[in-house]
Amino acid sequence: MIRFTRPCGIESEIDMKSKSPSAVAYQKNLYKLTDTENSKDSQFVEMQILQKIDDKAAIAFQNLDDNSSESKADKAAIARFMLSLLHRSPSRLKSLRHKLSLSTKNTPYESLEGEEQEKVLYSNTNRLLVELVNSNNGMEIISSFKLFTINTEGASLKLITSDLPVTVSSDFISENSFMMMPHSPDKIIILTHKEEVIKSFASQEKDVLVRGINMAIIEQSKELIIACSSKPKRLVERLFLRTQSNTKFDSIGLIRRNAPLIDFTHLNYNVSRSDKNSMKYK
């Protein structure tokens, strides 16, 4: 795997390194409840919540790869896993922690200062993470989605992933709403209500579709980009940590999209006449 980062901030050069899957990204005690003395209880979020979500999703993804018939349990497991990926990255938790710090009235850390306040604030952010990934309201909406896959094998480009790999629509309640993420370098998973949304993606030329999705993922990422080769380097250099003028953020800081993301392909991209029909949703 190839990992791209900007270790010294937005104006720094891209750092590109080959990494094993286990060494791509890891932050010790990211989900630790630091205000809990019992070591086992302090790892509750990671071991009892996120690990169980990941385990169920791994089984569901394996069933999907094996072309097993889709079950409600598998779809729910994938949906919850994708929902968790929206909130569990280091940058996302940092953003949530900042929002919590702006309002201390009637909170467990109201009368605390310095390191003690930071410790309780850190733990409360991780408890909020549990509420977000276990949200009954969120799962009720997402569970009504249908699960689809798009195979991009044959494209000259491969799909990438990142610390924020899930792309979401402008809302979750309209009939055109969706959640999507790369499942492999050649496969996209999409949760949505309508087959027309899938068709708006699947009808694109594969190279155009993959490029559009990769650009969306690069733009929304905060920590790192992961690819199976160095080929996306120029795209990463141009977009990573450099938000575009037409980007739409929601109230909690997530980028929202419209299907099928192809509007991103006009950026420094020359389209030949033969490609113009595949840009019809621009």
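Everything quoted here is computed from the prediction, not taken from an experiment.
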- Query: Can you tell me how far the CG atom of Leu164 sits from the CG atom of Leu224, to the nearest 0.5 Å?
  - Reply: 9.0 Å
- Would you mind reporting whether Glu46 and Asn126 have side-chain heavy atoms less than 4.5 Å apart? no
- Query: Are side-chain N/O atoms of Ser156 and Asp207 paired as donor and acceptor at under 3.5 Å?
  - Reply: yes
- Does the pair Ile78 and Met82 meet the rule for a side-chain contact (heavy atoms from CB on, under 4.5 Å), with working shown? CA-CA 6 Å; Ile78 291 172; Met82 292 174 70; 3.8 Å; yes
- May I ask you to decide if Leu132's main-chain N or O and Ser135's side chain share a donor-acceptor pair within less than 3.5 Å? no
- Message: Do Leu50 and Phe44 make a side-chain contact, defined as non-hydrogen atoms from C-beta onward lying under 4.5 Å apart?
- Response: no
- Residue pairs fulfilling ring-ring contact (aromatic ring centres under 6.0 Å, His included) with at least one residue in residues 124-150, sequence neighbours excluded: Phe145-His193
- Between Phe201 and Phe178, ring centroids under 6.0 Å: yes
- Query: Between Glu223 and Thr5, is any pair of side-chain heavy atoms under 4.5 Å apart?
  - Reply: no
- Begin with the C-alpha distance, continue with both residues' side-chain angles, and end with the deciding distance and a verdict on side-chain contact (heavy atoms from CB on, under 4.5 Å) for His183 and Ile188. CA-CA 5 Å; His183 170 45; Ile188 307 161; over 6 Å; no
- Query: Would you say the side-chain atoms of Ser162 and Ser221 include a donor-acceptor pair closer than 3.5 Å?
  - Reply: yes
- Considering only heavy atoms from C-beta outward, does the side chain of Thr149 approach that of Ile190 to under 4.5 Å? no
- May I ask you to list the residues sharing a hydrophobic cluster with Met47, side-chain cutoff 4.5 Å, ordered by chain and number? none
- Gln43 vs Gln48 side-chain heavy atoms within contact, under 4.5 Å: no
- Message: Looking at Lys119 and Glu116, is there a salt bridge between them, counting it only when a charged N and a carboxylate O are closer than 4.0 Å?
- Response: yes
- State plainly whether the residues Arg3 and Asp163 are in salt-bridge range, i.e. N to O under 4.0 Å. no
- Query: In a check of side chain to side chain contact (heavy atoms under 4.5 Å, CB included) between Leu191 and each of Val197, Ile142, Val166, Val168, which one passes?
  - Reply: Ile142
- Using side chain to side chain contact (heavy atoms under 4.5 Å, CB included) as the criterion, list what pairs up with Asp55, not counting sequence neighbours. Gln51
- Task: Determine, for Lys17 against Asp15, whether the closest basic-nitrogen to carboxylate-oxygen distance falls under 4.0 angstrom.
- Result: yes
- Task: Using only heavy-atom distances, determine whether the side chains of Asn214 and Arg211 contain a donor-acceptor pair under 3.5 Å.
- Result: no
- Query: Do Asp65 and Lys187 meet the salt-bridge criterion of a basic N to acidic O distance under 4.0 Å?
  - Reply: yes
